[in-house]
Amino acid sequence: MDVDAIIIGAGACGLMCAVQAGYLGKRVILLEKSDKPGAKILISGGGRCNYTNLFATDEQFISNNKHFSKSAFTQWTVEDTISFFETYGISGKEKTLGQLFPDGKNAKDIVAAFTNICEDFGQQIICDAQVMDIEQTAAGFEVRFEKGNKSRSLKAPKLVITTGGLPIPKMGATDFALRFARKHDLKIIETAPALVPLTITGKDEDWYAQLSGNSVFCEVSNDRISFEENILFTHWGLSGPAILQISSYWKRGEEINIDLLPRQDILELIETERKSNGKLMLSTLFNRIYPKKFTDAMGKFLPVEKQVASLTKTELETIQKTIHLFKVKPAGDKGYDKAEVMRGGIDTNELSSKTLECKRIPGLFFGGECVDVTGWLGGYNFQWAWANGYVIAQNI
């Protein structure tokens, strides 16, 4: 077949690249290892698909080169994403913190939009395609793959690798891009699970386990960053949006700080009650703020069964420190099985920020999660994927 490029990986970035190439009159073929395109799109947001974030800029991304993402986000903006989906009948509805979901539609509609456009443009998607070998030729690249126990090959002047990262192996996650990069001596920034729940073991394990299912609004921080969102206690540790966010900035052995009442001062609340109703039990005050199960659990650290008027200065200091500077030292994380994304990846110094073309291998492009650019929770990583797909399409 006479095609302009072969795209390996029909996820968010690969599908957008194929569509944008179609707009430009370019012909591509997508090879997808899974039995359907957009597998990770389909499970995102519980099937609802938080497809971008109104506040997305290069500031919400982690990379060894914090400036690398600026070019892609200048070329393809959040407004471009919104306009693109609106063109195909998908309008956005903001949930929280700028997170945009399809209004009245879901992840299946997002994937269907891409597959329908690909069909309109004649962009072929070959699923259940296991890439076996890639060879550079004088005219570009030859990709050998297997489908249905039959070996096939394709040739094209340009090759695009958008195979994602390591999270959620059961959805077909693969280290294909990383293996290919290493084979060609491209530098890899150390990878790790990101946006991932954190585990607690040892003497505090049972305390966290008894709170399983309870959610508390907190500010979670370390010496690099802070996030204000809910945390969720689980039978193995901590999850919820705030924990997933901080996990991308956490390394094994480090502590994280949790302010269990970020928008109020617990001592001011106690003082107010002392003046009006000193006989009020601390537990009663806590029950106004937290789930009862959480209040009961705090009895391990605090005198919750004392009246607020009888709390000593030392007890008040302990309450202040416990509520506003609750320290946690996670044992680890839940790994790639539970991670939303992968941190690290192909070193951005190996790529042109303007085109995403590999500097040392002309005609080769990498995009999406396999590149060392990792976004926050809340639609940011999809925005990176869409922007990458657009940028690569302009240059193949």
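Values reported hereafter were calculated over all heavy atoms of this structure, with side chains retained and with hydrogens, waters and symmetry mates removed. Numbering starts at 1 and runs along the sequence shown.
- The heavy-atom pair separating Pro303 from Leu311 by the smallest distance is CG-CD2, 3.8 Å.
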Does the pair Val216 and Ile258 meet the rule for a side-chain contact (heavy atoms from CB on, under 4.5 Å), with working shown? CA-CA 11 Å; Val216 178; Ile258 302 178; over 6 Å; no

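- Side chain of Arg27 to main chain of Gly122: a donor-acceptor pair is present (N/O by atom type, distance under 3.5 Å, no hydrogens or angles).
- With hydrogens and angles ignored, the 3.5 Å screen pairs no side-chain donor or acceptor of Ser63 with any backbone N or O of Lys66.
- Under the 4.5 Å side-chain criterion, counting only non-hydrogen atoms from C-beta, Gln383 is in contact with Thr81.
- Side-chain contact between Pro37 and Leu15 is present, with at least one heavy-atom pair separated by less than 4.5 Å.
- Under the 4.5 Å side-chain heavy-atom criterion for ILVMFWY residues, no single connected hydrophobic cluster contains both Ile246 and Phe217.
- Side-chain contact annotation: Asn287 with Thr284, donor-acceptor N/O pair under 3.5 Å absent.
- Residues Ile62 and Val196 are members of separate hydrophobic clusters, defined by side-chain heavy-atom contacts under 4.5 angstrom among Ile, Leu, Val, Met, Phe, Trp and Tyr.
- Enclosure of atom NZ in Lys279 is not indicated, since only 12 or fewer non-hydrogen atoms of other residues, nucleotides or ligands lie within 6.0 angstrom.
- The shortest side-chain heavy-atom distance between Ile270 and Ile266 falls under the 4.5 Å cut-off.
- Panel note: side chain Lys26, backbone Ala393; a donor-acceptor pair is recorded below 3.5 Å.
- When every heavy atom of Ser69 is checked against every heavy atom of Val373, the shortest pair comes out as CB-CG1, 4.3 Å.
- Transitive grouping of hydrophobic side chains (ILVMFWY, heavy atoms separated by less than 4.5 Å) keeps Leu316 and Leu325 in distinct clusters.
- The shortest heavy-atom contact between Gln320 and Leu267 is OE1-CG, 3.1 Å.
- For the residue pair Ser239 and Leu244, the shortest heavy atom distance occurs at OG-CD2, 4.2 Å.
- Within 6.0 Å of the NZ atom in Lys147, the count of heavy atoms belonging to other residues, nucleotides or ligands exceeds 12.
- When atom types are taken as modelled, the side chain of Glu94 and the backbone of Gly98 share a donor-acceptor pair closer than 3.5 angstrom.
- More than 12 heavy-atom neighbours from other residues, nucleotides or ligands sit within 6.0 angstrom of CD on Glu271.
- Few gaps surround NZ on Lys359; more than 12 heavy atoms of other groups in view lie less than 6.0 Å from it.
- Residues Gly22 and Gln123 share a closest heavy-atom pair of N-NE2, 3.3 Å.
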Between Gln264 and Glu268, is a side-chain contact (heavy atoms from CB on, under 4.5 Å) present by the stated rule, with each step listed? CA-CA 8 Å; Gln264 298 179 80; Glu268 287 183 4; over 6 Å; no

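- Using a cut-off of 4.0 Å between Lys/Arg side-chain N and Asp/Glu carboxylate O, Lys187 and Asp347 are scored as salt-bridged.
- Glu369 places a side-chain heavy atom less than 4.5 Å from the side chain of Pro167.
- With hydrophobic clusters built from ILVMFWY side chains whose heavy atoms lie under 4.5 angstrom apart, Phe73 does not share a cluster with Leu377.
- Smallest separation of non-hydrogen atoms from Asn395 and Phe365: O-CZ, 3.5 Å.
- No side-chain donor-acceptor contact under 3.5 Å links Trp76 to the backbone of Val391.
- A 4.5 Å side-chain heavy-atom check between Asn222 and Glu255 finds every atom pair outside the cut-off.
- Between the side chain of Ser83 and the main chain of Glu79, no donor-acceptor pair closer than 3.5 Å is present.
- Using a 30° and 60° split on the angle between ring planes, Phe121 and Tyr23 fall in the perpendicular class, above 60°.
- Checked by atom type and distance alone, the side chain of Asn388 pairs as donor or acceptor with a backbone atom of Gly368 at under 3.5 Å.
- By the criterion of side-chain heavy atoms lying less than 4.5 angstrom apart, applied directly or through intervening Ile, Leu, Val, Met, Phe, Trp or Tyr residues, Ile43 is not grouped with Leu195; the two fall into different hydrophobic clusters.
- Using a 4.5 Å heavy-atom threshold, the side chains of Phe141 and Lys158 count as separate.
- Ring centers of Phe55 and Tyr380: at least 6.0 Å apart, outside the cut-off.
- Taking 4.5 Å as the limit, every side-chain heavy atom of Tyr290 sits out of range of all side-chain heavy atoms of Met298.
- Here the rule is side chain to side chain contact (heavy atoms under 4.5 Å, CB included) with Ile8, and of Leu30, Val160, Ile29, Ile134 only Ile134 fits it.
- The closest donor-acceptor contact from the side chain of Thr163 to the backbone of Gly9 lies at 3.5 Å or more, if one exists at all.
- In this structure, CG in Leu97 is found 7.5 Å from CG in Asn53, a value given to the nearest 0.5 Å.
- Ring pair Phe227/Tyr249 is tilted by interplanar angle, where 30° to 60° counts as tilted.
- Glu357 and Ser352 are not linked by any side-chain donor-acceptor pair at a separation below 3.5 angstrom, with hydrogens and angles left out of the test.
- Ser44 contributes atom OG, which lies 9.5 Å from atom CG of Asn106 (distance to the nearest 0.5 angstrom).
- Aromatic rings from Tyr208 and Trp236 are positioned such that their centres are separated by 6.0 Å or more.
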For Phe233 and Lys293, what are the C-alpha separation, side-chain angles and deciding distance, and is it a side-chain contact (heavy atoms from CB on, under 4.5 Å)? CA-CA 11 Å; Phe233 291 87; Lys293 204 171 183 182; over 6 Å; no

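- In terms of modelled atom types and a separation under 3.5 Å, the side chain of Asp103 and the main chain of Gly92 share no donor-acceptor contact.
- Side chains of Ile7 and Ile392 form no contact here, defined as non-hydrogen atoms less than 4.5 Å apart.
- Rounded to the nearest 0.5 angstrom, His324 NE2 and Asp259 CG are separated by 5.5 Å.
- Outside the 6.0 Å centre-distance limit, the rings of Tyr390 and Phe84 are not counted as a close aromatic pair.
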Give the intermediate values and the outcome of side-chain hydrogen bond (donor to acceptor under 3.5 Å, both in side chains) for residues Ser248 and Gln245. CA-CA 6 Å; Ser248 296; Gln245 296 280 38; 5.9 Å; no

Decide yes or no on side-chain contact (heavy atoms from CB on, under 4.5 Å) for Glu135 and Arg144, but give the supporting numbers first. CA-CA 8 Å; Glu135 184 180 329; Arg144 299 186 184 89; 3.1 Å; yes

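- Using cut-offs of 30° and 60° for the angle between ring planes, the Trp386 and Phe85 rings count as perpendicular.
- Ionic pairing of Asp175 and Arg182 is not present here: no N-O contact between side-chain nitrogen and carboxylate oxygen is shorter than 4.0 angstrom.
- Annotation for Lys327: atom NZ counts as buried by contact number, over 12 foreign heavy atoms lying within 6.0 Å.
- Atom-to-atom distance recorded for Ile189:CD1 and Met342:CE is 11.0 Å, nearest 0.5 angstrom.
- Counting heavy atoms of neighbouring residues, nucleotides and ligands inside a 6.0 Å radius, atom NZ of Lys306 exceeds 12 of them.
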What's the verdict on side-chain hydrogen bond (donor to acceptor under 3.5 Å, both in side chains) for Ser71 and Gln75, showing C-alpha distance, side-chain angles and the deciding distance? CA-CA 6 Å; Ser71 177; Gln75 294 180 65; 3.1 Å; yes

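- At least one donor-acceptor pair closer than 3.5 Å links the side chain of Tyr336 to the backbone N or O of Ala192.
- Atom OG1 in Thr52 sits 10.5 Å away from atom CG in Asn381 (nearest 0.5 Å).
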